[in-house]
Amino acid sequence: MTPESQEAFRTRRERKERVFRTIEVGYAGDALSRGYDLLNVAAVLANLTAAVLDTFGGVRASWGGVLDAVEAGTVLFFTADYVLRVWTADLLYPESRHSAGKYVGSFTGLVDLLCFLPWYLPFFLPAGAVAFRMFRVVRIFRLFRVNAYYDSLSVITRVIAGKRQQLISGVFIIVVLMVGASLCMYGLEHDAQPEVFANAFSGIWWAASTLLTVGYGDIYPVTAAGKFFGICITFLGVGMVAIPTGIISAGFVEEYSQIKRSSEIAAEKDIQFIKIHLDRRDNWTGKAIRDLGLPRGVIAAAIRRSSDLLVPRGDVVLREGDMLVLGAEPLPDDQHIGLREMVLRSRHPWTGHPIRDLDLPRHSLIVAVRRGNKALIPNGDLVLREGDTVIFYAQTLMPEAETLEI
């Protein structure tokens with residue numbers, strides 16, 4: 001590849017990255033991206049408003065042309081947005097070989113597609129115009145796009161996703177109880193109301209309305225035993241509704257507590273930061289921030305990618321060459337760790353020997369070896385050389401070693 005072609009490829013890549021950063025959720029420092037976010041939200045709200053007003057006959061008669069123009073304009077915007085997202089899908093899913101197909105097949109991609117596709121289909125298939133208009137109801141799901149632009153709304157999504165296993169368990173308990181209540185009520189009420197409780201599952205509607213405390217009253221027991229059983233199920237229904245409510249409430253408390261802890265850490269004046277350069281061999285390369293499993297008290301502060309500074313949101317995927325900045329809350333001074341470093345000279349007894357053969361003092365441990373500009377992991381086969389800087393933990397005093405500040 002010639003230098004000119006390399007430069008052209010780099011320019012196209014930078015242009016694509018600029019488009020990707022614009023159409024994805026931006027931050028306050030990127031005016032173009034934030035402006036696109038606001039335009040996207042405005043288009044969603046305008047499209048849905050026009051859809052609602054179009055159902056009123058009087059409004060349709062007076063403002064039909066305006067409503068059609070608003071719908072056409074927003075649909076064209078959704079189309080362009082979809083095309084750009086397919087084009088930049090390789091940046092959204094860098095670990096996937098079929099990134100465009102992964103986006104198209106995702107829930108977000110399907111919603112984005114159905115937001116504008118039914119509007120075009122009647123032009124090509126006029127006979128199915130009525131059926132295609134029904135598909136336009138799917139555009140209500142585009143409101144989930146608005147959810148991505150506001151942290152307060154994103155908390156709801158994170159809580160439900162984080163508590164999904166507990167919620168599934170709660171729903172399973174409700175379903176089991178509902179089926180059991182239906183079978184029991186059938187046995188108690190079938191003889192008295194054979195047309196209402198005709199079979200074992202005819203009481204599902206009664207069980208659902210009773211357990212979920214809706215109580216429509218269209219199906220109800222008439223026998224004494226059935227009424228007593230209905231009272232018991234009503235009491236259980238109150239508890240069943242409280243299960244998912246408690247799970248979600250606990251999730252909100254945990255989420256906001258985590259946000260508060262992050263804010264408190266960020267507010268520390270003496271917070272410590274380190275920079276980590278990622279290459280293709282690092283385990284974090286190709287992973288999203290939320291999947292790194294950072295310990296409590298450690299936050300991802302920033303990501304330097306080429307000449308851009310990125311906000312480390314949970315869905316940002318780390319790439320080869322990224323510079324990740326981590327922040328850690330400092331420990332109290334009484335928790336001192338005695339790390340020392342020592343530069344090996346030619347006559348030092350450690351020089352030229354593997355680490356496993358060293359006569360280390362008791363309770364001593366080599367934690368790192370710095371050789372030139374590289375930090376080496378001290379395995380047993382590593383042979384120490386002249387000029388290496390050995391970083392180790394030792395309880396005994398070694399005169400040639402200097403104490404490190406942690």
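Residues take their numbers from the sequence shown, with the count starting at 1.
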Legend entry - Nearest atoms (heavy-atom pairs only) where R85 meets D81: NE-OD2, 2.8 Å
Legend entry - Residues E17 and R305 bridged, charged N to O under 4.0 Å: no
Legend entry - T88: side-chain hydrogen bond (donor to acceptor under 3.5 Å, both in side chains) partners, not counting sequence neighbours: none
Legend entry - Side-chain heavy atoms of I23 within contact of N40, under 4.5 Å: no
Inset, instruction - Could you grab the distance from atom CG of L76 to atom CZ of F116, nearest 0.5 Å is fine? - result: 10.5 Å
Legend entry - Which atom of L45 lies closest to which atom of T49, heavy atoms considered: O-OG1, 2.6 Å
Inset, instruction - Show your working on side-chain contact (heavy atoms from CB on, under 4.5 Å) between L384 and H353 and close with a plain yes or no. - result: CA-CA 6 Å; L384 300 178; H353 296 281; over 6 Å; no
Inset, instruction - Could you tell me which residues satisfy ring-ring contact (aromatic ring centres under 6.0 Å, His included) with W205, sequence neighbours excluded, listed by chain and number? - result: Y216
Legend entry - Expected output: side-chain T285 to main-chain D279 donor-acceptor under 3.5 Å: yes
Inset, instruction - Kindly indicate whether the side chain of I233, heavy atoms from C-beta on, has any atom under 4.5 Å from the side chain of L236. - result: yes
Legend entry - L324 vs I303 side-chain heavy atoms within contact, under 4.5 Å: yes
Legend entry - For F229, all residues meeting ring-ring contact (aromatic ring centres under 6.0 Å, His included), sequence neighbours excluded: none
Legend entry - Between CZ on residue R34 and CG on residue L38, distance to nearest 0.5 Å: 6.0 Å
Legend entry - side-chain contact (heavy atoms from CB on, under 4.5 Å) between V196 and E189, intermediate numbers included: CA-CA 9 Å; V196 176; E189 292 292 322; over 6 Å; no
Legend entry - Enclosure of N283 CG (heavy-atom neighbours >12, cutoff 6.0 Å): no
Legend entry - Aromatic plane relationship, F197 with W206 - under 30° parallel, 30 to 60° tilted, over 60° perpendicular: perpendicular
Inset, instruction - Tell me, with the steps shown, if L91 and R319 meet side-chain contact (heavy atoms from CB on, under 4.5 Å). - result: CA-CA 10 Å; L91 300 178; R319 304 178 191 171; 3.6 Å; yes
Legend entry - Closest contact, heavy atoms only, G230 versus T210: O-CG2, 4.2 Å
Inset, instruction - Taking all non-hydrogen atoms of both residues into account, name the closest pair between A50 and V70 and its distance. - result: CB-CG1, 4.0 Å
Legend entry - S106 side-chain N/O to Y103 backbone N/O, donor-acceptor pair under 3.5 Å: yes
Legend entry - Listed partners of R15 passing side-chain contact (heavy atoms from CB on, under 4.5 Å), at least two apart: T11, R12
Inset, instruction - For the residue pair Y36 and L32, establish whether any side-chain heavy-atom pair is separated by less than 4.5 Å. - result: no
Legend entry - D322 side, atom CG; R304 side, atom CZ - distance, nearest 0.5 Å: 11.0 Å
Inset, instruction - Can you sort out the partners of Y93 under ring-ring contact (aromatic ring centres under 6.0 Å, His included), two or more places apart, ordered by chain and number? - result: none
Inset, instruction - First locate atom CZ of R21, then atom NZ of K16, and finally report the distance between them rounded to the nearest 0.5 Å. - result: 13.5 Å
Inset, instruction - Look up atom CZ in F77 and atom OG1 in T79, then write down how far apart they are to the nearest 0.5 Å. - result: 10.5 Å
Inset, instruction - On the 0 to 90° scale, with breaks at 30° and 60°, tag the H348-W350 ring pair as parallel, tilted or perpendicular. - result: perpendicular
Legend entry - Qualifying salt bridge (charged side-chain N to carboxylate O under 4.0 Å, His left out) pairs, either residue in residues 342-358, two or more places apart: R356-D381
Inset, instruction - For the residue pair K287 and L318, establish whether any side-chain heavy-atom pair is separated by less than 4.5 Å. - result: no
Legend entry - Which atom of R13 lies closest to which atom of D90, heavy atoms considered: NH1-OD2, 3.3 Å
Legend entry - Minimum side-chain heavy-atom gap I366-L382 below 4.5 Å: no
Legend entry - Minimum side-chain heavy-atom gap D282-I276 below 4.5 Å: no
Legend entry - E71 vs N47 side-chain heavy atoms within contact, under 4.5 Å: yes
Legend entry - Gap separating the CH2 atom of W284 from the CG atom of L294, nearest 0.5 angstrom: 5.0 Å
Inset, instruction - Apply side-chain contact (heavy atoms from CB on, under 4.5 Å) to E386 and L344, showing your working. - result: CA-CA 5 Å; E386 179 183 359; L344 299 183; 5.8 Å; no
Inset, instruction - Over all heavy atoms of both residues, which pair between V104 and L110 is shortest? Give the atoms and the distance, please. - result: O-CD2, 3.5 Å
Inset, instruction - State whether R60 and D68 are salt-bridged, where the test is any N-O pair (Lys NZ or Arg NE/NH1/NH2 against Asp/Glu carboxylate O) under 4.0 Å. - result: yes
